[in-house]
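See below for the structure under consideration.
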Amino acid sequence: MTELPKNYDPSSAAELYKFWLDKGYFHAEVDPSREKYSITIPPPNVTGSLHIGHALGYTIHDVLVRRKRMQGFNVLCLPGTDHAGIATQNKVEQKLAKEGLTRHDIGREKFLERVWDWKNEYGAQILNQFRTMGYSFDWDRERFTMDEGYSAAVKKAFVTLFNKGYIYRGARVINWCPRCMTAISDIEVEYKDQPSHLWHFKYPFEDGSGYVVVATTRPETMLGDTAVAVNPGDKRYEGMVGKMLRLPLVDRLIPIVADDYVDLEFGTGAVKVTPAHDPNDFEIGMRHNLEQIHVIGNDGKMTAEAGKYAGLDRDEARKQVVADIDALGLLDKIEDYSHNVGTCARCGTTIEPMLSEQWFCKMKELAGPAIEAVTSGAVKFHPDRYAKTYLEWMENVRDWCISRQLWWGHQIPVWKCEDCGKYTASEDECDSCSHCGSKNVTRETDVLDTWFSSALWPFATMGWPLSEDLLDYFYPTDVLITARDIIYLWVARMIFSSLEYRKQIPFKDVYIYATVMNEEGKRMSKSLGTGVDPLELVEKYGVDSLRFALISQAGKNQDMRFSDKRVENVRGFANKIWNASRFVIMNLEGYDGKPMDEAKLETADKWILSRLNDTVKAANKGFDNYDMDDAARAIYDFMWNEFCDWYIELAKPRLREEGEGKRNVQAVLTKVLETSMRLLHPIMPFITEEIWQAIPHEGESVMVASYPEADDSLEDKEAEAQMSVVMDLVRAVRNIRAEIGAAPSKPVPLTLICDGDKAELVKKAEVIVKSLAKVDEITFADAIAEGDKGKFMSAHFPGCDIYVPMAGLVDVEKEKERIANELKSVEKDLSKHQAKLDNEKFMSKAPEEIKQKEINIVKELTETAAKLKERLASL
RNA sequence: GGGCGAAUAGCUCAGCUGGGAGAGCGCUUCCCUUACAAGGAAGAUGUCGGGGGUUCGAGCCCCUCUUCGCCCACCA
């Protein structure tokens with residue numbers, strides 16, 4: 001027998017990970033004879049290392065996958081990383097900036113080299129985190145959204161949509177980030193309420209007959225105004241429609257137009273219209289044939305069209321415009337106003353709505369099947385409330401701006417013909433126009449939105465469009481596990497993409513897990529600086545502890561507030577398991593390794609096996625329903641409160657005996673521990689493997705042992721009821737011991753006045769009671785002599801009175817007070833329950849079972865109250 | 001403006017289809033008892049956010065209000 005250290009040391013994890021890896025347990029091959037279970041993990045961005053929020057998500061993957069593997073499924077969990085276009089490009093640009101360089105200084109080619117260097121560095125770092133966390137992903141099948149095969153998939157996808165006419169080039173007001181210098185999609189804009197102002201300007205009539213007051217939150221855009229709109233039904237502006245206004249500062253004549261868009265209730269009812277810099281104004285402009293004048297450039301500075309303001313930053317221009325309007329006496333008023341300002345999700349810069357030519361993807365046709373997939377239940381959300389979120393968006397989805405003016409990403413496979421002006425999309429290099437045959441074609445320099453490529457993830461990683469081998473067997477995947485902030489960005493797009501290109505759903509379940517907050521309740525996020533590196537906690541408390549802490553909090557209802565304290569607590573649990581195992585191992589001497597003799601099991605054995613079975617049931621139910629916190633709790637409670645606190649203690653005296661009794665205890669200890677290790681393995685893979693290897697087992701690794709299944713032949717309600725009596729008795733005696741301050745080492749004698757059946761039970765469990773309650777002698781009596789009653793401390797539970805001689809140790813007054821307090825609480829309880837029995841309606845309407853239960857409660861409480869009173873009187 | 005979630009012990013949270021309020025941390029007392037002091041034993045602590053309603057019975061169901069958090073939305 002090897003000596004195990006007293007405290008669990010989690011540092012052996014790396015070795016075990018290597019052992020599994022070498023055995024090839026993580027790798028999956030197509031095998032039609034077996035049932036598959038497949039997941040493609042959400043590829044993390046290669047922008048940096050991961051935080052606890054990510055760790056939660058990926059740990060959930062590993063827990064599900066490890067269990068399925070143990071259940072005999074042929075499991076593929078496919079990992080990889082995402083090039084994350086704009087995000088990664090920004091990171092590298094920031095790094096360049098520290099060297100005093102911009103990407104333009106070094107050029108596209110050199111810049112991309114730098115990004116690849118970055119990708120390799122951070123990709124490796126993430127990989128290291130994954131391995132340290134113990135994730136059993138199939139590293140042989142690792143993918144990257146810009147690897148060769150994947151690029152082929154992106155081209156194929158684009159060309160397919162293009163040729164179906166779903167992709168078009170159009171001029172629209174899009175969200176422009178002046179810092180990233182690219183268009184971004186609607187869902188990449190984050191709106192933030194910011195205190196601002198509503199400026200009211202007077203626009204004079206051309207004919208000098210007064211003015212119209214318009215309000216704006218963006219004064220600088222007035223330089224690009226080409227109309228003022230009013231509601232056609234607005235009495236205040238009756239007869240004014242069609243009249244011309246002279247736009248201040250610019251001196252341009254602009255018409256008053258009537259448009260239903262204008263809200264009668266808001267402001268003055270007159271709206272300045274800037275078609276080039278506001279999506280609504282753009283629409284109004286289209287309806288009224290208004291000119292579109294760009295006054296803000298791509299860099300966020302005013303353009304030549306802005307006249308004397310040209311070259312000013314937009315913020316500077318705002319101040320100037322307001323000052324100049326004021327100088328002209330045309331500033332009507334300034335109101336305080338809280339404004340919802342759009343900012344770039346990647347860099348936080350205020351978005352500039354900008355009229356721009358971009359590539360768009362039509363969404364209407366794609367959305368139809370994607371809606372159907374969820375309403376029909378083919379794709380299920382967990383928790384299901386997210387289906388609503390998804391559908392809401394999908395049903396109102398707008399065309400998707402897919403082009404980005406970036407360098408890092410998939411260059412759009414479209415060539416423009418310089419002769420006929422038409423576009424040709426092609427998966428291969430294109431040297432001639434498909435419309436006129438001209439050789440004078442040039443490739444689009446824009447890249448695709450990074451989500452265009454990640455939308456293909458589940459099937460592109462399995463070989464699409466080059467090979468069907470993996471897809472035939474492993475696709476669709478079983479579940480997608482992700483955070484809720486990318487339901488639109490990613491989940492939705494994978495669903496419609498898979499339906500479009502494969503005519504299949506990409507996954508059956510979508511499991512949305514909790515958002516991890518730090519202790520202050522702030523969302524954990526790298527960009528917010530609130531992220532915590534999981535490896536720090538691993539270093540401090542061990543991987544298994546971190547994994548368990550995360551999983552035990554992964555409830556469906558709430559986001560989780562994460563603190564070290566929780567992990568520290570789990571470390572205690574790991575240590576508890578470790579030491580329980582040490583105890584078992586130390587006591588296996590002479591054990592032949594054979595299973596227990598069922599005919600000779602004692603009540604305690606039957607009890608723990610019944611409890612174990614219950615735990616197996618609860619754990620499986622939890623995992624099956626994605627209620628992993630329930631599973632974790634069930635195992636934790638069982639192992640600590642039942643196995644360690646009771647069964648091991650119960651086993652001790654029996655282990656000191658020799659023969660059949662001892663052998664059976666050894667067998668039961670082994671069985672319970674071995675089963676528990678298999679049960680817990682998905683959550684705490686390392687400690688369970690280490691222990692499992694050290695106790696009698698079959699097979700080469702717990703990782704590939706079978707996952708426990710409920711065995712109802714182990715259920716034994718009678719044993720559970722009997723054990724609960726014994727446990728009550730032990731607790732009662734311990735309570736008394738604590739009250740009288742009996743030293744733990746000093747045994748006390750015990751006198752019991754019990755009903756016949758209870759007495760039988762206690763007699764059977766005599767050894768146990770003596771050992772657990774530190775009792776040296778148990779006397780069964782019919783009564784205590786009246787005069788002697790004051791010499792005892794007593795306790796009572798249904799069917800049994802307990803007396804412990806107190807040998808003058810106790811303060812009678814104090815004891816009276818204690819009993820009086822207890823009596824008070826019992827009587828309070830009693831009156832509550834008695835009231836139910838006194839209620840005719842309860843008696844006539846409540847189910848028989850409930851009535852019986854209440855009757856029993858009242859009976860018990862009445863008896864207890866009587867005993868307490870009697871006791872009080874005797875003191 | 002719409003939607004979703006949350007409000008339970010000092011703190012972080014469980015509480016399944018309504019039927020005697022729970023865990024962990026923290027706190028009090030005792031204990032280094034040969035598995036474990038990263039531990040053990042025994043305790044104290046709650047108008048289950050407020051107000052209505054349904055029911056024999058509500059932490060749980062319905063209505064309403066309040067306070068937080070998160071999404072979505074073109075109100076200048």
Side-chain angles (χ1 to χ4, degrees), chain A residues 4 6-8 173 187 191 198 214-218 221 229 261-263 265-274 278-283 337 339-340 353 383 385-386 388-389 392-393 396 484-485 487-488 515 517 519 521 523 541 545 552-553 555 557-563 565-566 568-587 618 621 625 627 629-630 633 636-637 641 644-645 648-649 652 731 734-739 741-745 774 829 832-833 836 839-847 849-851 853-854 856-858 860-861:
Chain A
L4 294 172
K6 228 172 154 181
N7 286 332
Y8 172 57
V173 173
I187 28 182
Y191 288 92
L198 196 53
V214 296
T216 181
T217 52
R218 294 188 298 151
T221 62
Y261 163 75
V262 181
D263 183 352
E265 307 294 320
F266 191 88
T268 59
V271 184
K272 62 188 273 304
V273 182
T274 323
D278 184 283
N280 298 306
D281 293 6
F282 175 76
E283 296 293 326
Y337 192 69
H339 190 219
N340 221 4
R385 66 184 118 98
Y386 290 114
K388 204 178 157 185
T389 311
E392 178 77 20
W393 185 75
N396 299 297
R484 67 161 172 269
D485 53 338
I487 293 177
Y488 309 137
T515 302
M517 322 272 216
E519 273 177 280
R523 188 167 65 92
Y541 305 110
S545 300
S552 66
Q553 287 178 99
N557 293 331
Q558 249 188 140
D559 290 336
M560 72 168 76
R561 212 176 268 211
F562 193 84
S563 82
K565 203 79 198 160
R566 195 103 182 190
E568 194 184 343
N569 183 233
V570 179
R571 180 180 59 179
F573 177 55
N575 202 47
K576 190 75 181 173
I577 299 168
W578 182 255
N579 278 294
S581 307
R582 276 179 68 223
F583 173 84
V584 172
I585 291 164
M586 282 160 62
N587 284 286
K621 188 180 166 197
N625 297 329
D627 290 322
D629 53 332
D630 287 348
R633 250 192 308 273
Y636 181 101
D637 289 346
N641 303 332
C644 291
D645 286 354
I648 284 186
E649 295 305 321
K652 283 177 182 173
R731 271 191 280 255
R734 282 173 175 173
N735 187 330
I736 292 174
R737 293 182 59 102
E739 289 288 337
S745 52
K774 202 75 187 169
D829 249 25
K832 209 166 87 190
H833 291 282
K836 286 194 177 187
N839 184 340
E840 268 177 46
K841 285 182 177 168
F842 173 79
M843 294 309 282
S844 61
K845 293 195 175 176
E849 194 189 315
I850 299 298
K851 272 194 287 188
K853 202 173 158 190
E854 287 296 327
N856 286 339
I857 291 169
V858 167
E860 280 177 16
L861 290 174

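Everything numeric in this text was worked out from a predicted model, so none of it was measured.
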[X] side chain N/O closer than 4.0 Å to the phosphate oxygens (OP1, OP2) of [N]?
X      : N     : result
A:R561 : B:U12 : yes
A:K836 : B:G57 : no
A:K6   : B:U34 : no

Round to the nearest Å and state the distance from [X] atom [atom1] to [N] atom [atom2].
X      : N     : atom1 : atom2 : result
A:E739 : B:U29 : CD    : C1'   : 10 Å
A:N579 : B:C32 : CG    : C1'   : 14 Å
A:R571 : B:A37 : CZ    : P     : 13 Å
A:I585 : B:U34 : CD1   : C1'   : 16 Å
A:N735 : B:A44 : CG    : C1'   : 13 Å
A:I648 : B:G39 : CD1   : P     : 15 Å
A:F842 : B:G19 : CZ    : C1'   : 7 Å

Ignoring the backbone of [X], work out which of [options] is nearest its side chain.
X      : options             : value
A:E854 : B:A35, B:G19, B:G5  : B:G19
A:K576 : B:G20, B:A35, B:U12 : B:A35
A:H833 : B:A38, B:G20, B:C56 : B:G20

Check: A:D627 side chain, A:D630 main-chain N or O, donor-acceptor pair, under 3.5 Å: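 A pair under 3.5 Å: no.
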Check whether any side-chain N or O of A:N579 sits under 3.5 Å from a backbone N or O of A:N7 as a donor-acceptor pair, and report yes or no. no
Determine the contact category for A:K851: base if any of its heavy atoms lies under 4.0 Å from a base atom, sugar-phosphate if only primed atoms, P, OP1 or OP2 are that close, otherwise nothing. nothing
Considering every strand and a 4.0 Å limit on heavy-atom distances, what is the contact class for A:R737: base, sugar-phosphate, or nothing?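 No contact at all - A:R737 keeps every heavy atom at 4.0 Å or more from the nucleic acid.
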Using a 4.0 Å cut-off on protein heavy atoms (strictly under), produce a 5'-to-3' string for nucleotides 21-26 of chain B with B for base contact, S for backbone-only sugar-phosphate contact, and - for none. S--SS-
Indicate for each nucleotide in nucleotides 66-76 of chain B, in 5' to 3' sequence, whether protein heavy atoms under 4.0 Å reach the base (B), only the sugar-phosphate (S), or nothing (-). ----SSSBBBB
Extract the stems that RNA chain B is part of, considering only consecutive pairing runs of at least three Watson-Crick or G-U wobble pairs, both distances under 3.5 Å.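 Looking at RNA chain B, the stems formed by three or more consecutive pairs are B:1-7 with B:66-72, B:10-13 with B:22-25, B:27-31 with B:39-43, B:49-53 with B:61-65.
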For A:E568 and for A:N839, locate the closest nucleotide of RNA chain B by heavy-atom distance; then report the residue assigned to the nucleotide nearer the 5' terminus.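 Per heavy-atom nearest nucleotide, the more 5' residue is A:E568.
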